[in-house]
Amino acid sequence: MSITAIGALAIVTTVAAWVRGTKHLFLLLVLSLPFQAAVMVEFDLLEQRRGVSLRYFIMAVFCLSLLTRPAGKPPGMRRLRSLFVITSLFVTYSVLSAFIIPRLAVFSGSLLVYRENGVFSALEPVSTNYTHILNLCLCVATFFCTSLVAMALDRDWQTWAVRALGVSGALAVVLLLWHLLNLYLGWWFPYYFFANNPGAMLVDRGTVRPDLGRAYAFLRPSGSFSEPSVAAPMLCGYLAYVMAEYLHLRRVAVHLLKCTLVCAVIFALTSTTAYAAALMIVIYSLLRGIAKMLMKAQVAALTRPVLLVAVVMVCFLVVYLSPSLAVHTSEMLRANVTDKVGADAGNRIALERFAIGLAVETYGFGAGLGSNVSFTVWGYLLSNTGLIGVILMFCLGMKVYGHYNRWRKCATSVGDGHNVRLVGAMLCGFVVAGSIGSQILFEPALWVLLGLIVGLCGQRNAVTPRSLRRISPRLAPTLEQDPVRRLGDDWLRSAAFHG
C-alpha cells in the first residue's frame, strides 16, 4: 500500500480544513469534485491494483466532522424529515437487494448480468455489491450533512459555497484544456498526479486511455477524469451554471466568454453524451427566452441566448474552415455524431434495453445493487433496484423540487435568488447528462448539489438583516424574528464551525 502525491496533499489540506471548521471542510469537498480519476492510497486486492478515491476520503471526513462535534439538534431537521424517510427506504431496499437477490435460487445462476469488465456472466454475489453499498451510504450521508450545513450558513458563506462550485467547474475545464494541449502540442501533463486511479480504466500510469480516438484523426482529452464520457456531467453542469450567470447577471461580455470557452471544451471532449446534453441546455435557454418574449413582452430575454448561439456558431465556422483544423473537426463530427450513433454508441442502447429486460425478468425487483452495469443512471437503478428504487429516487427528486418551489413562492424580490438559481442550473445540467449516457448515482457532485438546493431553500430568508436594511429598513428582519437563522447561528457557533 502506498500514498500518492495528490493523496499526501489531500491529507494535509483535509486536516487543515478540519481544524479550521466544518465550513472550510465543505468548501474543500466542493473543490475536490473534478478529481474523479485521482486516488490517495493504492493497494493490491484480489490480484488487482485498487485505490481509495480522493473525493470519498474527503466526504467521509466531512461527515465525521459533524458527528465528532456534538452541538445538539441542528436547525431545520424537521424540514428534512420526509427526505430522510425516502432516502432511508431507498438505502434499506438497496442494501437488502444486494444481499438477498443474488443469492435467491430462483435468480442466482439463471440470469445473465453485464459486469464492469465488459462481459456477461451469471447472477451471483460479487464484490461490487458491497462496494456500491458503501458508496451509496456515504453519498446519502453527504447529502444530509450538506443540507444541514447549507441551511445553517449565513449569506456570505452561502455565496462562498456557490462560488466554490463555479471554481470546481472551471478547474475541470482548465485541466481538460491542459490535457488537450498535451495530446496535440506535447505539453507536460502530470498524469501521475491527476489521473492515477489504477481501477478507473487506465491502460498504464503514463497515459489515460491512449486508444481513445486513435482510429480517427484526433485524440480525446480526459483531464482529471477516467474518460471523456465520465467528464460529460461535470462539463454540462458547469455549462448550465455559466449560462445562468450569463442570462441573469451583469458583466455580459465576461460571462459570454466563459460560455463560449466551455462550449469549445465540450466540443473538444468528443463525447456524444456531452454533445446531446449541451444541445438540450442551449435549446432550453432559447425556448425560455422565446416564451418570456411572447408572454411577458421581454425582448431582452431572447437577446442573450441568440447572441450566445451566434458567437458559438461563428467560432465553430472559423475552426471548421481553418485549413489546419478542418481535418480534425470533420473527423470529430463524423466519429461522434454520425458513426457513433450509427454504431449504437458501443451498443449502449442495447445494454439499456438489456437493463429493462433484466428488471422484467426479476419481476420488477432488480438484480441487486451493484450486480449490473448500465450507462445511464436510470438504467442502473432499474436493472439493480427495480421499480422500487426508480420510484423512490423519483420521489426524492420531487421532494427536492418541492423545497425549491416553496422557497420560490416565499422568497422576497431582494432575496439571494442568484445562489439558488446557479446551483439549480448546475444540478439540472448534471442530471441531464447522467440521464443521457453517464451513471451518476455514486457521483459526489450529484449529492452535494442536491444537499445545497435543500439547504439554501430551507431558510425562510435568503438575505441577512444587515443587507436587507441597506435596501429597505421596513423589510429588514432581526435574528429574533427569524428563529431558523437564530438557531442556525447558535448551532454553528456551538459546533465550532468558526474554528
Using a 6.0 Å cut-off, check whether atom [atom1] of [X] has over 12 heavy atoms from anything other than its own residue.
X: F193; atom1: CZ; result: yes
X: M393; atom1: CE; result: yes
X: Y93; atom1: OH; result: yes

Can you check whether [Y]'s main-chain N or O pairs, donor with acceptor, with [X]'s side chain at less than 3.5 Å?
X: S97; Y: S94; result: yes
X: N129; Y: L369; result: yes
X: T385; Y: L381; result: yes
X: N182; Y: W187; result: yes
X: R55; Y: L33; result: yes
X: T14; Y: I58; result: no
X: S222; Y: P228; result: no
X: E245; Y: L247; result: no
X: N384; Y: A367; result: no

- In a check of ring-ring contact (aromatic ring centres under 6.0 Å, His included) between F62 and each of F26, F57, Y56, which one passes?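 Running ring-ring contact (aromatic ring centres under 6.0 Å, His included) over F26, F57, Y56 with F62 returns exactly one hit, F26.
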
- W447 and T146: side-chain donor and acceptor closer than 3.5 Å?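 Distance-only check fails for W447 and T146.
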
Which heavy atom of [X] sits nearest a heavy atom of [Y], and at what distance?
X: I133; Y: A98; result: CD1-CB, 3.6 Å
X: A8; Y: I3; result: N-CG2, 3.7 Å
X: G370; Y: T128; result: O-OG1, 2.6 Å

Less than 4.5 Å apart, any side-chain heavy atom of [X] and any of [Y]?
X: Q36; Y: E443; value: yes
X: F143; Y: L83; value: yes
X: C263; Y: L239; value: yes
X: C139; Y: M59; value: yes
X: C236; Y: I281; value: yes
X: K258; Y: M243; value: no
X: V52; Y: E42; value: no
X: V39; Y: T4; value: yes

Please round to the nearest 0.5 Å and tell me the distance separating atom [atom1] of [X] and atom [atom2] of [Y].
X: L54; Y: I11; atom1: CG; atom2: CD1; result: 9.5 Å
X: I440; Y: M234; atom1: CD1; atom2: CE; result: 12.0 Å
X: T260; Y: H255; atom1: OG1; atom2: NE2; result: 12.5 Å
X: Y246; Y: S285; atom1: OH; atom2: OG; result: 9.0 Å
X: N419; Y: T159; atom1: CG; atom2: OG1; result: 4.5 Å
X: S224; Y: L175; atom1: OG; atom2: CG; result: 4.5 Å

- Task: Fit a plane to each ring of F189 and F194, take the angle between them on a 0 to 90° scale, and name the class: parallel (under 30°), tilted (30 to 60°) or perpendicular (over 60°).
- Result: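 Rings of F189 and F194: tilted, 30 to 60°.
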
Can the ring centres of [X] and [Y] be said to be less than 6.0 Å apart?
X: Y238; Y: F430; value: no
X: W160; Y: H24; value: no
X: F442; Y: Y380; value: yes

